[in-house]
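Read the structure below first, then the notes.
Keep in mind that what you see is a predicted model, and the values were worked out from it rather than measured. Just so you know, ligand 1 is whichever comes first in the structure, and atom 1 is the first atom listed for that ligand.
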Amino acid sequence: EKTKKSFIQNIETVVRGYAKIDDEMYEDLEAVMLTSDIGVETTDYLLGKIREGVKSKEIRDGNDVVPYLEKCVVELLEENAEPMPDRTGTTEVIFIVGVNGVGKTTTIGKLAKYYTQQGKKVMLAAGDTFRAAASEQLTIWAERNDVPIVKHQEGADAAAVVFDATASAKARGIDVLLVDTAGRLHTKSNLMEELRKMARVAGRNIDGAPHETLLVLDATTGQNAVSQAKLFGDVVPLTGVVLTKLDGTAKGGIILSIKRELGVPVRWVGVGEGADDLRPFDAAQFADALFD
Ligand code: GDP
């Protein structure tokens with residue numbers, strides 16, 4: 001609703017007055033798109049599409065712009081919404097990465113509930129050994145969901161946690177192992193080394209692990225989240241994004257630029273602080289909310 005107001009409704013207001021498409025309209029459109037956090041690249045892409053629409057005469061005046069744009073935005077959303085492959089039958093190892101405060105721990109708690117409700121056996125691994133609070137918080141989520149957790153002392157080697165967790169998950173026939181990781185990007189080289197080691201160790205115990213490395217991004221930070229993601233993408237190979245805090249922001253437009261800018265889709269969206277406030281990202285649902 002909030003993104004619709006900041007993005008689509010502002011575009012409607014801008015284009016409504018134009019009986020003829022001219023440069024001024026493109027400039028106004030560009031300004032609205034940039035302020036709604038869809039990013040420079042996606043703005044250029046959409047403006048290019050509108051120019052094509054004008055050329056092909058599908059857009060004749062300002063009133064045709066939004067219906068035309070709807071088609072383009074739906075395409076972009078579909079590009080971004082790629083669900084996780086079904087890995088039933090394996091112990092799926094999912095690394096959750098991201099800077100502190102974006103909602104990593106909460107997302108793990110929500111995912112634990114989601115998979116448990118699907119009848120899967122879930123285990124958590126407290127791979128952020130840097131902050132004692134992270135492990136404590138994760139333990140609360142494990143208790144709430146009644147799932148096992150593997151954790152070590154504060155300051156312990158995170159790779160050792162992953163080693164124990166993957167060995168235990170395999171032995172116990174766990175379906176989904178969710179691994180928390182440290183989020184201190186300011187010590188980038190250490191974090192890179194640590195994440196690499198964690199991945200290596202996971203792969204030693206379970207074939208193909210980690211199967212997913214999901215980057216958690218806070219939607220309220222808009223395009224800054226995309227810049228942050230690029231930094232993380234340099235550190236670890238990502239397979240997808242979890243976009244949290246979509247409930248409290250008008251900056252949901254960033255969803256359109258994630259695949260184009262980062263090369264990975266949005267797997268999940270967080271829409272609140274509660275255990276049920278996580279959804280697999282659904283392009284059609286998001287498009288309906290934007291355009292209906
Ligand atoms: P971490 O440091 O990345 O592990 O972040 P936390 O999981 O501790 O979350 C930080 C804050 O964001 C907490 O107050 C969470 O309740 C809140 N949070 C997480 N996800 C969402 C979401 O989807 N919506 C809202 N409104 N708040 C969220």
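Of all protein heavy atoms, the one lying nearest to atom 5 (O) of ligand 1 is Gly103 N, 3.1 Å. Among protein heavy atoms, atom 3 (O) of ligand 1 sits closest to Lys104 N, 2.7 Å. The protein non-hydrogen atom at the shortest distance from atom 18 (N) of ligand 1 is Lys245 CE, 3.8 Å.
Without hydrogens or angle criteria, Arg279 side chain to Gly270 main chain gives no donor-acceptor distance under 3.5 Å.
Each of Ile94, Leu238, Ile96 was scored for a side chain to side chain contact (heavy atoms under 4.5 Å, CB included) with Glu212, with one residue passing: Ile94. A side-chain hydrogen bond (donor to acceptor under 3.5 Å, both in side chains) with Lys151 holds for exactly one of Thr139, Thr129, Asp128; it is Thr139. Of the listed residues (Lys259, Arg260, Met33), just one forms a side chain to side chain contact (heavy atoms under 4.5 Å, CB included) with Thr42, and that residue is Arg260.
Checking only distances, Gly101 does come within under 3.5 Å of ligand 1, N or O to N or O. Geometrically, ligand 1 and Thr105 share a nitrogen or oxygen pair separated by less than 3.5 Å.
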Show the atom names and distances, to 0.1 Å, of all donor-acceptor pairs under 3.5 Å that link a side chain in residues 280-287 to residues at least two apart or in another chain.
unit_1: Asp282; atom_1: OD1; unit_2: Ala284; atom_2: N; d: 3.0
unit_1: Asp282; atom_1: OD1; unit_2: Gln285; atom_2: N; d: 3.1

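Under the 4.5 Å side-chain criterion, counting only non-hydrogen atoms from C-beta, Trp141 is not in contact with Leu178.
Of the listed options Lys110, Glu273, Arg279, Gln137, Lys110 places a heavy atom closest to atom 20 (N) of ligand 1.
If you look at Asp247 next to ligand 1, the close heavy atoms, those under 4.0 Å, all belong to the side chain. With a 4.0 Å heavy-atom cut-off, ligand 1 is reached by no atom of Leu278.
Residue Gly270 approaches ligand 1 through these ligand atoms, each under 4.0 Å from one of its heavy atoms: 23 (O). Those atoms of ligand 1 that come under 4.0 Å of a heavy atom in Thr106, given as number and element, are 6 (P), 7 (O), 9 (O), 15 (C), 19 (C). Every atom of ligand 1 with a heavy atom of Val271 under 4.0 Å away is listed here by number and element: 23 (O).
For Asn100, the heavy-atom gap to ligand 1 drops under 4.0 angstrom. Using a 4.0 angstrom heavy-atom cutoff, Gly272 counts as in contact with ligand 1. In this structure, Gly183 has no heavy atom closer than 4.0 Å to ligand 1.
Residues that satisfy the salt bridge (charged side-chain N to carboxylate O under 4.0 Å, His left out) test with Lys4, not counting sequence neighbours, are absent from this structure.
For the 3.5 Å distance criterion, the side chains of Ser257 and Gln223 qualify, holding a donor opposite an acceptor.
At a threshold of 4.0 Å, the pair Asp276-Lys113 counts as salt-bridged, since one of the basic side-chain nitrogens sits closer than that to a carboxylate oxygen.
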